[in-house]
Number of protein chains: 2
Amino acid sequence: MFFIIGLGLGDCKDVTVKGLEIIKKCDRVYLEAYTSILTCGTEALEEFYGRKLIVADRDLVEQGADEILFDANRQDVALLVVGDPFGATTHTDLILRAEEKGIEVQIVHNASIITAVGCCGLQLYNFGETVSIPLWLDEWQPDSFFDKIVKNFKNKLHTLCLLDIKVKEPTLESLTKKKKEYMPSRFMSVSEAAQQLVEIINKRKLLEQSDFLPNEVSLSIGLARIGTSSQKIVACSLEDMCSVDLGNPLHSLIIVGPELHPLEEEYLRKFQLLRK
Amino acid sequence: MFFIIGLGLGDCKDVTVKGLEIIKKCDRVYLEAYTSILTCGTEALEEFYGRKLIVADRDLVEQGADEILFDANRQDVALLVVGDPFGATTHTDLILRAEEKGIEVQIVHNASIITAVGCCGLQLYNFGETVSIPLWLDEWQPDSFFDKIVKNFKNKLHTLCLLDIKVKEPTLESLTKKKKEYMPSRFMSVSEAAQQLVEIINKRKLLEQSDFLPNEVSLSIGLARIGTSSQKIVACSLEDMCSVDLGNPLHSLIIVGPELHPLEEEYLRKFQLLRK
């Protein structure tokens, strides 16, 4: 049997009782460690589970399906994923490959940022499409995700922006070489995301006439380490968000729609940035 | 301290290790039992936790905040909620009231249908706004939710439809009386939801010209008991969905957007309804 087990968002103890039982009995357990991270680290997980984990980087998960699934029709193999197995990224491809090999698959769901984000007080019903904001590089500054934010905004919906994570990403130069070299891990912060957004808004202002677009005074919400005991939430204009420091990763950003329900407004008040 | 603890979607063991530890040590534990249900029932939960639960119906949660929060600045009180505390329904109002009383609040997140729905193979990124479909009564047949489905469809997004649950709802006649009488529990099925949708589509066809609306041949996905071992998923036209029987509650329905990613298409194939 092949299990994909969500670990939730916080620390070791956010695994479900069902998930923990399976982890303890499996022959091999992989920890997917490139689309998200837990604040507690691999060693703490190993200690809590009382067993060794195999850290699975992007190469292994995306190209090493045969290795992960090896013998899984006779043995029990699990892949642990931060959040929900179908949360920020999907592992549907791995499931399809397992089924091709006649391997049974079981999913253990858990909390995902996509719903946990409700802790800021915005109603989940009022969110449109989720977007991912990539970390800009000098030579690569895509902004097509902004169109989705605009569409949500025009539809009076909030947008959850998942911020880029670069863990064990090969350097551009080494992509063509035999031996890959990796960049240091980087986690996009709410201030970096806000700065990129303000830059896009300024560029588009020169081109467009519409006055119903999110702009630099639009309300945004910065979220850090949601679901952990050090969780932080700040609500302020996108411009002010450019200089907000929420500390350690992971961060997410919400672009609030143009209208708030009174209950949303009341709840958000407690996260308002106090200006110096 | 006041805790709101998500129980996930399946059975007793879908609680997190953190949630279980808190449940065991609390002075009072309420089980919210009107917005969703677990397939395992209250007794099984009590046995698994090794403690008594206080079943909290709509009246208690919506009007009995003082009772639930009584003494919670000196004692530990928990409210258990199926799914995530911020999932299908929010408990933001209760949190605000607790904080007004100076009571500390801690949230324990868990899986919610809003992300678990990814198990059908559709990418969560490609979903628009979530809608709720109410069970029609003879005298009350609202259809405004359909506008949101249309909006998502035009934006090439899928729509997750949460289906109505009626648990301990007072009868219309008893609303004005002192002693409330309650209707038997009802859980909307995918076929009932599909029938209501087809009726709305037929009504609107007479009124509107647009050819870019979901219609009765649009692809829909019926989901039952997601996250449990008896989970069922079926993909077929909305018209065929009118006669699909997925068994016991809870059911959800997806109206698939007009375009599918190849991986979504491949994954959905295994859920295709086999016509007799």
Side-chain angles (χ1 to χ4, degrees), chain A residues 6 8-21 48 83-90 92-93 95-96 99 106-132 148 151-152 155 157 226-227 229 231 263-264 266-267 270, chain B residues 6 8-21 48 83-88 90 92-93 95-96 99 106-132 148 151-152 155 157 162 226-227 229 231 263-264 266-267 270:
Chain A
L9 299 168
D11 55 36
C12 307
K13 292 188 175 174
D14 285 308
V15 70
T16 65
V17 173
K18 188 179 285 171
L20 182 60
E21 284 181 3
F48 184 70
D84 185 79
F86 295 103
T89 49
T90 61
T92 42
D93 190 60
I95 295 173
L96 284 173
E99 289 173 347
Q106 191 188 324
I107 304 297
V108 180
H109 292 287
N110 208 322
S112 155
I113 184 68
I114 290 183
T115 44
V117 77
C119 65
C120 72
L122 297 181
Q123 311 275 325
L124 292 178
Y125 284 9
N126 298 337
F127 279 80
E129 197 177 348
T130 302
V131 311
S132 292
K148 293 183 182 174
K151 196 160 62 177
N152 286 340
N155 285 325
L157 298 171
I226 291 304
S229 54
Q231 164 178 315
L263 192 64
E264 292 182 320
E266 185 184 351
Y267 205 89
K270 59 180 175 175
Chain B
L9 299 168
D11 56 36
C12 307
K13 291 186 177 176
D14 285 308
V15 70
T16 65
V17 173
K18 188 179 285 171
L20 182 59
E21 284 181 1
F48 184 71
D84 185 80
F86 295 102
T90 62
T92 42
D93 191 59
I95 296 173
L96 284 173
E99 289 173 345
Q106 192 188 325
I107 303 298
V108 180
H109 291 288
N110 208 322
S112 155
I113 184 68
I114 290 183
T115 43
V117 77
C119 64
C120 72
L122 296 182
Q123 311 275 326
L124 291 178
Y125 284 10
N126 297 337
F127 278 81
E129 196 178 349
T130 302
V131 310
S132 292
K148 293 183 182 174
K151 196 159 62 176
N152 286 338
N155 286 325
L157 298 171
L162 303 174
I226 291 305
S229 54
Q231 164 178 317
L263 192 64
E264 292 181 322
E266 185 184 351
Y267 205 90
K270 58 180 176 176

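Throughout, protein chains are lettered first and strands after them, A, B, ... in sequence-line order, and every chain is numbered starting at 1.
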Handout entry: Heavy-atom contact with chain A under 4.5 Å, split by part of B/E21
Key = side chain

Practice task
Kindly compute the distance separating OH (A/Y125) from CG (B/L162), expressed to the nearest 0.5 Å.
Solution key: 5.0 Å

Exercise for the section: State the OG1-CG distance between B/T92 and A/L263, to the nearest 0.5 angstrom. Expected result: 4.0 Å

Handout entry: Under 4.5 Å from a heavy atom of chain A, the part of B/K270 involved
Key = side chain

Exercise for the section: Could you tell me which portion of B/Y267 (side chain, backbone, both or neither) has an atom closer than 4.5 angstrom to a non-hydrogen atom of chain A? Expected result: both

Exercise for the section: Among the options A/I95, A/I226, A/V131, pick out the one with the most heavy-atom pairs lying under 4.5 Å from chain B. Expected result: A/I95

Exercise for the section: Kindly determine whether A/F127 and B/T130 satisfy side-chain contact (heavy atoms from CB on, under 4.5 Å), including the steps that lead there. Expected result: CA-CA 8 Å; A/F127 279 80; B/T130 302; over 6 Å; no

Exercise for the section: Pick whichever of A/V108, A/N155, A/N126 has the most heavy-atom pairs under 4.5 Å with chain B. Expected result: A/N155

Problem - Proximity breakdown for A/S229 and chain B, heavy-atom pairs closer than 4.5 Å - result: neither

Completion exercise
One option among A/K148, A/H109, A/Q106, A/E264 has the most heavy-atom pairs under 4.5 Å with chain B, and it is A/H109

Fill in the blank from the handout: Of the listed A/C119, A/G227, A/G128, the one with the largest count of heavy-atom pairs under 4.5 Å with chain B is A/C119

Completion exercise
Rounded to the nearest 0.5 Å, the CG atom of A/N110 sits from the OG1 atom of B/T115 at a distance of 9.0 Å

Completion exercise
A/G118 and B/F86 have their tightest heavy-atom pair at O-CD2, 3.3 Å

Exercise for the section: Against chain A, label B/E99 side chain, backbone, both or neither, depending on which of its atoms sit under 4.5 Å from a heavy atom there. Expected result: side chain

Exercise for the section: May I ask you to name which of B/D11, B/N152, B/V117, B/L20 has the most heavy-atom pairs under 4.5 Å with chain A? Expected result: B/D11

Fill in the blank from the handout: dist A/Q231:CD -> A/L9:CG (nearest 0.5 Å) comes out at 9.5 Å

Practice task
Mark yes or no for whether B/D84, through its side chain, and A/A111, through its backbone, hold a donor-acceptor pair below 3.5 Å.
Solution key: no

